[in-house]
Every structure is written in C-alpha cells, then in structure tokens.
Amino acid sequence: SSGASSSTATTAAPQTTAAQAETTAKAEETTAKASETAGEKLVVGFAQIGQESGWRDAETLSIQTYASENGDKVELLFADAQQKQENQIKAIKNFIEQGVDVIGLAPVVETGWDQVFAEAKEAGIPIILLDRRADVGEDLYATFIGSDFIEEGKMAAKEMAKLIGENGKIVELEGTVGASAATDRKTGFDDEIKASYPGIEIVASQTGDFTRAQGKEVMESFLKSNKDIKGVYAHNDDMALGAIEAIKEAGLKPGEDIKIVSIDGVRGIFEAMAAGEANCTVECNPLLGPLLFETAAKLKAGQSVDKWVKSVDGVFTADMAAKVLPDRKY
Amino acid sequence: MRETWNRLSEKQYFRPLIIFIIILLFNGIVSKGEFFTLSIVDGHLYGRIIDIVRNGSKLMILAGGMTMILATGGTDISVGSIMAISGAIACSIVNGNIFPSFNGNVAAAIILAILAGTVSGIWNGFLVAKIKIQPIVATMILMVAGRGIAQLITRGKIVTITSETYYFINGGYICGLPFPLFIVLFLVGFLVLFTGRTAFGLFLESVGCNPTASKYVGIKVDRMLLAIYTLSGAFAAVAGLIESAGIKGADCNNAGLGIEMDAILAVAIGGTNLMGGRFSIPASVIGALIVQSITTTVLALGVPAAYIRVLKALLIIIICLSQSKQFKDLVIKRKMINRKVVGS
Amino acid sequence: MSAGNQLLTVRNISKAFGKAVIALADVQFDLNRGEIHALLGENGAGKSTLIKVLTGVENKDQGIIEMDGRQINPRSTQEAQNEGISTVYQEVNLCPNLSVAENIYIGREPRNRFGTINWKKINADARELLDKFDLHINVTKNLDHYSVAVQQMVAIARASDIDAKVLILDEPTSSLSSAEVDKLFQIMRKLREEGMGIVFVTHFLDQVYEVTDRITVLRNGKYVGTYLTKELPRVELVGKMIGKDYAGLKEAMNAKWPEEAERQEKETFIKLVNVSSPGTVKGFELTVKMGEVLGFSGLLGSGRSETAKVLFGIDPISEGEVKVKNEMAHLHSPLDAIRNGIAFCPENRKTEGIIGELSIWENIILALQVKRGIFHKISRKEAEELAKEYIEKLQIKTPGTEQLIKNLSGGNQQKVILARWLATDPEFLMLDEPTRGIDIGTKAEIQKIIMDLAGRGMAVLFISSEIDEMLRCCTRMIVLRDMKQVGELNGKEISEEAIMRIMAGGEAS
Amino acid sequence: MEQTGKRKRVHINNISLVITVVLFILMFLFGSVKYNNFLSLSTFLNLFNDNAYLMIAAIGATFVLISGGIDISIASTIAFTGVSSAFLLERGVPAFLVILLMLLVGIIVGCTQGALIHYFKLQPFIVTLAGQFLMRGLCVVISERSIPISDPFFKTMALGKVAVRLGEAKAWNGKIYYYVFILLIVFAAAVYTLRYTKFGRCLYALGGGETSASLMGLNVARTKIAAYGISSFCAALGGIVFSFYTLAGFGLQNLGLELDALSSAVIGGTLLTGGVGTVAGTVVGVMIEGIIQTIVTYQNLNTWWTKVTIAALLCFFIVIQRIIAIRAEKSKGKNE
Ligand SMILES: Nc1ncnc2c1ncn2[C@@H]1O[C@H](COP(=O)(O)OP(=O)(O)OP(=O)(O)O)[C@@H](O)[C@H]1O
Ligand SMILES: Nc1ncnc2c1ncn2[C@@H]1O[C@H](COP(=O)(O)OP(=O)(O)OP(=O)(O)O)[C@@H](O)[C@H]1O
Ligand SMILES: [Mg+2]
Ligand SMILES: [Mg+2]
C-alpha cells in the first residue's frame, strides 16, 4: 500500500504532446506486431461510465467500432457501469478474473480506485485511463489518454471574450453539481475571466444538469431575472441547445443577441452553429478508440508509454461549422 | 359567501392551493413584482407564470395518473422511463429513423408513442395485478429496462428533429396560452370526470382502503389495477411527447430522469395518502404546480447550485408540516402556553 | 359497598368527537376488587369510548380516573397496562402476521439466561394457556390462519394472562359459541376469586345474569345508573338501556314464523353438487330454496364460513357444479355471485367488511354500485336517500351520512354492512354472524327483517354462533363438522338438543 | 402430530427464502456453464467484497420495511458519510473519532426522520425523500470535488484482506477484505435483534398493524423511531465501509442505491406493506442483484442492451419466484 500513500500528491502533468491521432496507421502496425509476438489477440477490457451524454455515446461507439473492425487482432470486453463507480470496480474485478491483457477505464469519479488498481497491478494488468483522470499514485496506472477540462474552460473563456468584445454580462450553465467535468470547466472558465477580462461579469450561474431540458428551464429563468445578457457559457452542448430554445421563446436571437459558447462539439451544436444560432464550441474529442487500442498494444508489447497521451482538441466557430458538419461522426 | 368559503376549505385541494398562492406571493414580493409580469412576445404571453405552467405540465399529467395508483397503495416508478421510450419513438418516427413508411408523419408518431406508453402500462399492470408483484419492484423492472429500450430505438444517440408541427406540442400557443396547458386540462379533466362521474373513483378509494373488503363486495380489484397502470403509462407517454417537443429531440438518457419522485411528491403534497385511500386529482395537480414552483423559486432566487437540494429538502418539510394536524395542534398549544405565561 | 374495596373510579368523564358527536357526557363508573361489572347500553351508547378513555386510547375532554385512590392519567394502552389495566378491545386487535403464541406474549416475552427471547417457553406457555380455554390449535401458526372466533379467544387469553388488577373485556363473547363462553366464564370467575376487577361488555343479557355482580347502564353517552345484578329484573334493565317500554321489544324478540309455516315447497334457488374447493370444503351438496331460512351450525372452525365463501366465489371451486335457478352458474368471483342475485355479509367486520376511510353512504351503496356497474353511477341524491332509509330502518346511530364508518361504534358498523347487502335487493342473502355485537333491540329488528324477507320469497343462509337466534329464525338447519355436512334438521325437528346431538355424535338424521 | 406441524411451519415460513436461494444457485450455475472463468470462489466472494456496504445498508432498510415504513434516504446518507468522513480525515481528525461521529450523525438523522414521521404523522416516503435531498445537498455543500482518503486506518481496512484457499486450482482461491467482517457482525446483530429481542418482535407487530400494536400495549413511538434510527445508522456504517472500499468521499456516489436496497429486500421476501421479512432474505437479494450484474459484465454487451438485460433477468427472477410461491401457497392449502 505504499504506492497509494502518495495518492494525494498532485498528479504530475506530463509535458509530452504527441498528435497521436494522426499516427493511427502506425498504431495499427504496432498492434499487429504485438499480436504476432503473443500469438494471440489483444484482449482489452473497457469499463465505460455509462451513457449520460451524446459525447459519451460517441466515445463508446468509437471504441466498439474499432474493436469490431479489427476483430482479427483485438478483442474487446465492454462493461457499461451505468454511472456507478461500484459497477466499474466490479467490472474491473471481472476483467482481472477473466485475465485480460489491458484494462481501459473512463472513471466515473476521480477517487476511490486504490484498491482495485492495486489488484490489477498484482495481477500484472496495466490500466489505461480514458478521458477522465483518477486520483491514484502514478505507479498504479499505465497512462492517461484525454484532454484537460480546466484547459477547455479557459479556451471557452477566451472565445467568449472574443465574441462579446471583452465586456458585458454573461450567464453560465453548469453541469451536474459535483461532476468533475462541471467543476473543472467552471474553474477554468471563471478563473480565466477573472484573471484576464475584468469587463465581463458572470451575473448568474446555475446547474442545468448537463441536459437540454434543464438547460432550457434554467435559461428561461436567467432571461427573466437578468436584462441584457450578452452571452451564455454552457458546460456542454446539450445545455446550450436547451438555452437556444429558451432564448428564441423570449423573442431574442440566439447567436446574435446572445452569444453562445459551449464545450464538447456534438453534431447538434454544429447544426445550430450552421444555422447561426450558436457561436462556438470547444471540441473535446471523443473518438478515442484507436488511440486506446494502440496504447494498449504498446503496453502489451512491453513498450513504454507516456503518462499522459493528449488527445487533440480544437475550437470550432460558427463560420467553420457548415464546412465541417458533413464530416462530423457524432 | 361564508358558506362557500367553508365548503371550499373542506376540499382536499384547499390547502395545497393556499400553499401555492403563498409561494407565488413570496416570489412576487422578493422579485418586486417582476415575477408576475406578463408581456406579449411574438403574439403570445411570456413570463414566469407561463413558464411554471408549461414546465410543470409534464408533472401535472404524471401526477394525475400517479394519484390513482397511489390511491390504491401502489406506486409507478417507471413513468420517467416510459417518457423516454415515448420520446424516442416519436422523434425517431418524425425523423424517419424507424418506420420510414410513416414518412415522418407527426400524427403517426404521436399515436405510436402513446400506444407504446399504453403497452408499457399494461405490462406494469399485468405484473402488479396478475402476478401480484409488489408495485415498486414490478415497475422498477420497466424503469431499468425502459431507458435501455429507448436507447435501442435511437441507437443511443440524441435524436434531433425538425418539425414545426411536433414542436407545437410544447412550444405552441392557443389564444396566447401555452399548448401544454390545454393538454393538461384535457387529460386531467378526463380523469376528474372519469373518476367523478363514474363509480371508478369510489372503487379506487375502496380498494385503497381495504382491498379484501373491496374484493368481498365484488369489485374486480385486478381489473382496476390493470386499468390505472395502463392509464398511467399512457399519460407518461404524453408527458414524454411534451418533453421531447420541448428540447426538439429525444434524449433517452435524461428524459424524465427522476421525475417519478417528483410526481409522488406532488401527490403527497396534494394531501393524498401514499398508503392508499382518499385521493383528489385536482389537489395532486396543484401539488405538481407547487413542486414546479419550488424549482422556479430556487432559480429565481439565484441560490447557488450547491444549495438547491438543501433548500428543497427544507421546503418540502415545511410544506408537509404545515399540512400536519399534529403539528398545528402543537403550535397552538405552544402559543396558548406562551400567552398564559405572558398573561400571568 | 365499602369504599376501601374500590379499585377503579371514574368521575365526570366527558368526551366529544367534533361538534356533532357527544360520545360521553358526565359519566361515572366504579369497579370493586373481586367483582365482575357489566357495562351495558345500546349500540353507540358509549361503552367502547368509555373503555378507550379509561385506557388512554382516546383523550378525555374532562373527568377524573382513580386507581386505588390515586389519580391516573394514562395516555396509551401501554401506560394503562403499567397501571394494572389489561384490556380486550371490541375489534380484535392482534397482529395477524405473528404466531398465535407470540400474539399472546409479545411485549412481555419470557427471556432465557442470556436475556434473549425464549421461544420454546413462549410456545409451551401459550399452549398451556390456550388449553385452559379448551382451544387446541397450533400456536406456532400465524394468527391469520384462524377465524375471528379463535382470534377473539386468543385476545382474551392474552389479556387474562397479563398480570393486572383490572381486566376489561369489550364484547369478548360476540362471536363465541356457548361452549367457549362457558370456558371464558370459568376463567373470569377464577380471576374474580383472585381479587381482580373485571369490566364486561356484552349484548347478551343471559350472560349478564350468569356472571356479573353489578351493572352500569349507559344511554346516549349518559350515565343511567349502577345496580346490583340480582336486584335488577331483566325487564327493567332493558327498559333502562333503551329508555322505553320493554313490552314491544319482547314481542319483537319472540317473533315466530306464522303458524302456516307448513309452507309449500318453493322453487330451488341454488343447488351445489359435489362441490370442492382446494384446502377447504370437499364434496359439498346443498340445496337452498326460495323463501327458506337455512342455518349452518357447527363448532368453531367447522367450515361454516368457508362454505359460504365458496358459495360467494371468494374461494375457487375446483370440482363439482353449481346451479342457480336450474341453470349452470359459474361463481368465479364475488361479482359473478352478485350478478346471480347472491349477497354475502362476511363474518370479519374489520378486515372483510368495512371500508374504514369511506363514509357511511359510500359503504352502503358500494355493493349496489358494483351490481349496477361502474358506468351507472348512483347519484348523490339516490345514495343519500338509500343511506337515510337504512339508517332509519336499522337504527344506525350516527350524526349523518357523511360520517366515516370507522368512527361508528362496532354494532353500528355491522348494521351498515347489513344495509349494504340489503340494498342490493338480493335473492339469496348469506349472513355470517350478522348480529355480532348488535344490541338486543336491533337484533330483534334484524330477525324480523330476515323473516320478512324470507316470507317475501328471499332465500337466506344464516350463520350464527348464537343458537337461540338460529332456533328462532331458521326453517332448516344443516350441521357441519370438519368442513363436511353431518346432519340436517327440518322445521319442527330443529331444537338445541338435536343440534348438539348431531354436532357431538355424528348421528345424521 | 405436534412435531410434524412444527416442521411444516419451518418449511412453509421460509419457502420464499428457499426459492430465492435455489434460484440464486441456478443463476450461478448458469453463469458458470456459459462463461469461462466464471465458476470460481472469488466470483462468489467478490459478491461480498463488492456489495458489503450495500448489504449493510439494505439490512438497515429492512428494519424500516418490516415496520411498515420506507426509507429512501439511505443512498444519500451513505454518500454524506463518505464525503464528511473524507473531509474530516483530510483535516486530520483521528479515524476512530470520525467513524464514531458519522455513526452518531446516522442515528440522529434517522431518529429525526422517525420522529417527524411518528409525531407529525408525515408520510415516510416524503420525509425520507426530504432527507435524501438534504443529505445529498449537504454533500456538495461540504465539497463538490471528490476527496481522497489517505488515513492509515482506512487504508488498512481498504486494502487488508484474508486469502481463502480451498484448493490448488485458481478457481478455488479467493480473498475476503477486512470490512466484510463488519457485514458479518451487522448481519448477526440484525438477525439476533429481529428474532430474539423484544424490540425486534415489536417491529414485526408494528408492521402487522400500528393500531393493533399500540392497543396491545407496545411502545409504537420508540419502536418506529428506532427503526429509522437503525436504518440510518446502517446507512452511515455502510457509508464508512464504502469509504473503505473506495478510499474517497464523493457526493454523487451511489445514486439510486435505495432502489437496489429496496428491491433486494423485496426479492428476499420482505413485504412493503410491513410485518414480513428477514435480513437473510435481504442479503440473498443483494447477492442476486450482484450475480445479475456479474453475468451482465461477462456477457460483454452492447451498452444499451445492458439495462434491458439487467431488467430482463430481474424480471425473470421475480416472476419465477412469484409463480413458484403462488403454487406453493395453493398446494399448501390442499395438503392441510
Ligand atoms: N373516532 C370517533 N369519531 C367520531 N365519532 C366517534 C368516534 N368513536 C366513536 N364515536 C361515536 O361515539 C359514540 C359511542 O361509540 P361507542 O363505540 O362508545 O359505542 P358502544 O357503546 O361501544 O357501541 P357498540 O355496542 O355498538 O359497540 C357513537 O355514536 C360513535 O359513532
Ligand atoms: N380448533 C380450531 N378451532 C377453530 N378454528 C380452527 C381450528 N382448527 C383450525 N381452525 C381453522 O379456522 C378456520 C375457520 O373456518 P371457518 O371460518 O369456516 O369456521 P366456522 O365454522 O365459520 O367457525 P367460526 O365460528 O370460527 O367462524 C378454518 O380455516 C380452520 O382451518
Ligand atoms: Mg363498542
Ligand atoms: Mg365463521
């Protein structure tokens, strides 16, 4: 248990930034090599959080599609934890039981993984964290693949500032209270605004639970208690889509009267941007399937991998929307 | 005048109504009147009151169906999932994802969605009435499965639709009033008439009070149960339509998530005993308005997100205590003692 | 009466429910050591309320209760028990989900050395205790396996076993047959010898004169007087209870079938051939004719109620056939039975009869409403009229039709149930202990109604543990033992001895 | 005669439990036949390792259910205990004090709910729903982030385990974490309380009918309040075990767990109308839900089939159980 004692220490942020997504082809080579050496398929057990959002579904789909397309080389054991950490822990234990090569995990929560990670380590199975971090000692997991919520919040703040000309009132639609995506996206955004844009005032901030329906309801209320709102920052696209409806009902023009910035980059928001009803989304790439398997293959082959494999994120604005829309997979 | 007042005050919906009015007044005062302002935007009424009605419409409909079930001492916790199924079916049809032959026909979408809700209700009713599984567990099966089924229909995606006709279900206005209000009036009116004008209401209360004795007077308890669970399912489907029309799409993961608790809460605030017996559908509907207005109040007050639940919990307790006879007796006694102390 | 002998005194007790109902007004009562004291009055006179006030179930509005000269003010049954008052309330108040033995000992379980409940001892003690009451049942079975009568005996056994100074029995004998009543009296006498004071409520005057020492009469919630039993003739007692002349009542009580009771053969209403039901009746044969009053008699658990339930479609018929008016009938549910013109007033008023939270008028119209169907709602006006009619006919004591039935006195609840079935205008009326807890005046009234209805061609099945009543009404009697018919008596053959003989010996006529 | 009667009673009273256990075994066998590596001691022991906290909480909830009430606040109480113990430990409060404090909080919360329900005749569902909101709300008020626990005692409990070896093969090896023993203690105490103490029996009587119980001279107020107290106490204890299990406190943990607890109890033969139920049944109920979850994981399903499959298995199980029970009741009538 000595490893776990350092778990409270800050997780070192690795500096490496490799545009891994572009090297998928190379990755497949590696995968093939790995399976040759082992003489059998690469077995990956993946414990997914659940299906709380369209983004998550896209991620799941990407993983599953990769696995089925490369059925000769990899085998995927997939578990849907239905938003419960307990289920994820159970799933990992089952993977250990079944003797998979690598375990992938998108942790529901940051904490609480020491015990089960230790078990995996005992069994000699490396763990890859996907899109969310786990608060454990670095020795307990192999690598983290994904982006940084705080960074996303900051990017969104910059975009918002650009859109409304660095001053005016804005409102914020928060995600589920307590969810790390919500907390970090809020911290990143709020800090950036406070630090760099004194002219912008966040006049109201309330949770919309990451859903369209609530996003709409909360926005309705914001519109009534605050006059001349210049912009809306939503922690995910779904809430932004809900807010757009509320703005329209109030007789205002979303995207013009009130600027809209959100995070995730799901198809719906691109459609809205193409229609001029939204302004900007910070993409948080969910198509992590290839990267996951490629890293797993490396791990199986005993190669070293970075502690943080960054996925490529990007900012999409309304003028780019129409162009990229046809290529959007999710 | 006095007599009408007395008669009114005996009704079950009287207290919930007073509480609702108090909540509204409170909001009006805190917001310095902003709360009650109604303006005309794009030819329809616009304001917080309208929001309460429109956003509360789902809950009011669900509360109507739920009241009957609770009156028999049962529960239906699958309504949220049925909403998801209904939304998924309707949006997928409008979108042409399933049953392409319907060609995005909104009417077909609505009918099939309600049909799906009805079938779900029958399934619940069958488990409760025939297999005699305890309601909470019987409906839990569909609660868990329902979202999965909805996701199977939409292939796990949020289905976004474009159909002005379909949007009308939530966003439409008739005479400046939101369309969901008319749906509520229609469905709740139907229920009130059905339970009041036929002997159905009497039989329900009888079953809720004493199922054995009800069986002994010849009431077909099984059939009653089947009927009310079916109705509840159908109503949930309608609520699902309203929800999906509101967000212009089907969000299987979140549609109606946790709304069953709110519906039960609404019925309880309406003063119906959850263990069965006397019920009042109008009271439950007002209960639903109260639950909705609590949310609106919390939003209007700008309470920090982290404190919302705490505040809601306190409000629920206060509302329930204010309806408790025992509590009133206690307070009155206190006051009298105080007065005596002061007097001497 | 020496003051030193006084155990319990009650002075100036008043109790009102709301504005309309004054259940007790300035009532007084006293109980001596080593006496059995009858508390009498019509239905709704306030007997049960007085008992509830005494034992802290209801709060009194005013008044004083003294125990051994010390003022007490119990606020719950538990506190009353601690003061030494043990009570059997009118409705059987036991836990159906617990075993018989546990029902007797719950709250005062014997412990073993480790301070844990000694189940062996509980069961053994319970068996021993019930043996004293001649009740040989499996004490480890859940209480709801047994009929009301058994449950009542268990409740009595429980109360009498509690170490107390005062024992209150509110209509303990209402569904017991004479043998059980005798047993109960033996035990009461023994307790009296031990110095216990016993309050005894009943509607059977014979029983009053058999065991009690003194009588207190209540009428309309008011205290009428306390008398020595020996010194108060029966006629006067009844007079004091009902507040008017006894003569008319006597006439009613002695109502007999008109002499031309050599009544011609009527057509058969229902005919059972070889009917069996899983777990209950086996190979039952029965014919009931229009215009006759058929009685079922038998000992506790002999299957009288079970047979009636089968006839009403509550218990399923697995074999045999039923013909109603010469046509095959399928009695799969009570609704089928009701549609065939059958009505059934069940024996367990609390669990099978009343719908407690509903009002009197709703309770009355319920069966009729079922008969008419869900879409033919009985109008409020018609319901009101019906309710008023029966309230008057059966002398139901209530401030109005809106009163909840659970707030009525036991006897009045029974009347409402009776009204419910009379309102359906049945062709075949089955009454299982219909007079349970009903005062003598109304009892006579009910008998008259039964005879009247039968006279007008209705078939009646009458089940009662009170043999006198059966003797008076029945034109034919079937004796049951162990779920089987063991004998039949017709018209003049019906007599107590004949019934007893068949019940005991199995000599079929 | 007497003897046979007794034996029959034992048989009949536990029939639903027997059915449940048999069905559990069948499910286990099904999994073993269908999936590789399924049949092993550790699959079985993990049911306890992974569900200990749920079992503890469900045992507590069973008390309330037997009394005829319902407690839907347990999940949030678990989360609350987790968060606040993590919060306190982070600030250096000694572990034993934290645990003691949390258990105390559990008792207080439960008793308050019980008192509101009893004295003001509020509906249990609503009071505990408010309790649920309150506890969840307090979680995020304390901390929106999840707080890791590094206290040595908690760590020992989290990672310490006893190896169980019944044979050479891997399938015969398993392990039991220390905290499972807490479950065993709670279970034993609950069985003892329900069967052999006055309070336990009062609870059943209360479930059989509140009026009857009070007219029989039982102390309804105390029993009822204690039932809720025990439920919350067990939830708090479950919360502590959960923080052993995850070594963290987080406010969104265990959402909807109250339904798992309720359904486990019901599957184990508890009647929601009160008066009937055993803790053994509840524990088996949790094991059944656990095995369903395990099977689903082994089945390697497409995400959206997961829920449907879980529900289908649950449904299958409950329906079979009910049908057998109905049959048994009928034939019981016949035999007598
Ligand atoms: N909870 C209550 N609410 C309103 N009225 C009540 C309540 N309990 C009793 N009453 C009324 O008080 C009166 C006395 O009832 P009580 O039960 O004492 O009569 P009783 O003498 O025991 O009659 P019975 O012989 O029928 O048992 C009745 O008129 C009854 O309707
Ligand atoms: N020794 C017993 N005394 C009383 N009841 C018994 C006895 N043994 C068994 N029982 C059960 O009691 C139930 C009573 O049956 P039923 O109600 O038909 O009897 P009954 O003839 O109406 O007698 P009661 O006067 O008790 O109503 C039966 O189910 C029977 O199994
Ligand atoms: Mg009485
Ligand atoms: Mg009987």
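Source: prediction; values computed, not measured. Numbers restart at 1 for each chain; the letters A, B, ... are given by sequence-line order, proteins then strands.
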Taking side chain as everything from C-beta outward and backbone as N, CA, C, O, which of these in B/Leu257 sits under 4.5 Å from a heavy atom of chain A? Side chain, backbone, both or neither.
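For B/Leu257, there is no contact with chain A at all, as no heavy atom is under 4.5 Å.
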Using non-hydrogen atoms and a 4.5 Å limit, figure out which bit of B/Ser244 sits close to chain A: side chain, backbone, both or neither.
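Contact with chain A is absent: no heavy atom of B/Ser244 under 4.5 Å.
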Distance-only donor-acceptor pairs under 3.5 Å for side chains of residues 43-54 of chain B, two or more places apart:
unit_1  : atom_1 : unit_2   : atom_2 : d
B/His44 : ND1    : B/Tyr173 : OH     : 3.4
B/His44 : NE2    : B/Val41  : O      : 3.2
B/Arg48 : NH1    : A/Ser221 : OG     : 2.9
B/Arg48 : NH2    : A/Ser221 : O      : 3.1
B/Arg48 : NH2    : A/Ser225 : OG     : 3.2
B/Asp51 : OD1    : A/Lys224 : NZ     : 3.1
B/Asp51 : OD2    : A/Lys224 : NZ     : 2.1
B/Arg54 : NH1    : B/Tyr173 : OH     : 2.7
B/Arg54 : NH2    : A/Glu249 : OE1    : 2.6

Which pair of non-hydrogen atoms, one from A/Arg212 and one from B/Asp251, has the smallest distance, and what is that distance?
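The answer is N-OD2, 4.5 Å.
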With no hydrogens and no angle check, do the side chains of B/Asn55 and A/Glu220 hold a donor and an acceptor under 3.5 Å apart?
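A pair is found: one side chain offers a donor N or O, the other an acceptor, under 3.5 Å apart.
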Pick one of side chain, backbone, both or neither for [X], based on which atoms fall under 4.5 Å of a heavy atom in chain B.
X        : value
A/Glu217 : both
A/Ala213 : both
A/Ala250 : both
A/Asp209 : neither
A/Val218 : both

Output a table of donor-acceptor pairs, distance under 3.5 Å, between side-chain atoms of residues 77-84 of chain B and any protein atom two or more places apart or on a different chain; print 'none' if there are none.
unit_1  : atom_1 : unit_2   : atom_2 : d
B/Ser78 : OG     : B/Asp76  : OD1    : 2.7
B/Ser78 : OG     : B/Asn124 : ND2    : 2.9
B/Ser81 : OG     : B/Met143 : O      : 2.6

B/Ile247 versus A/Leu241: any side-chain heavy-atom pair under 4.5 Å?
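No - every pair of side-chain heavy atoms lies 4.5 Å or more apart.
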Contact check, side chains of B/Leu299 and A/Gln206, non-hydrogen atoms, under 4.5 Å
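With C-beta onward as the side chain, the pair touches.
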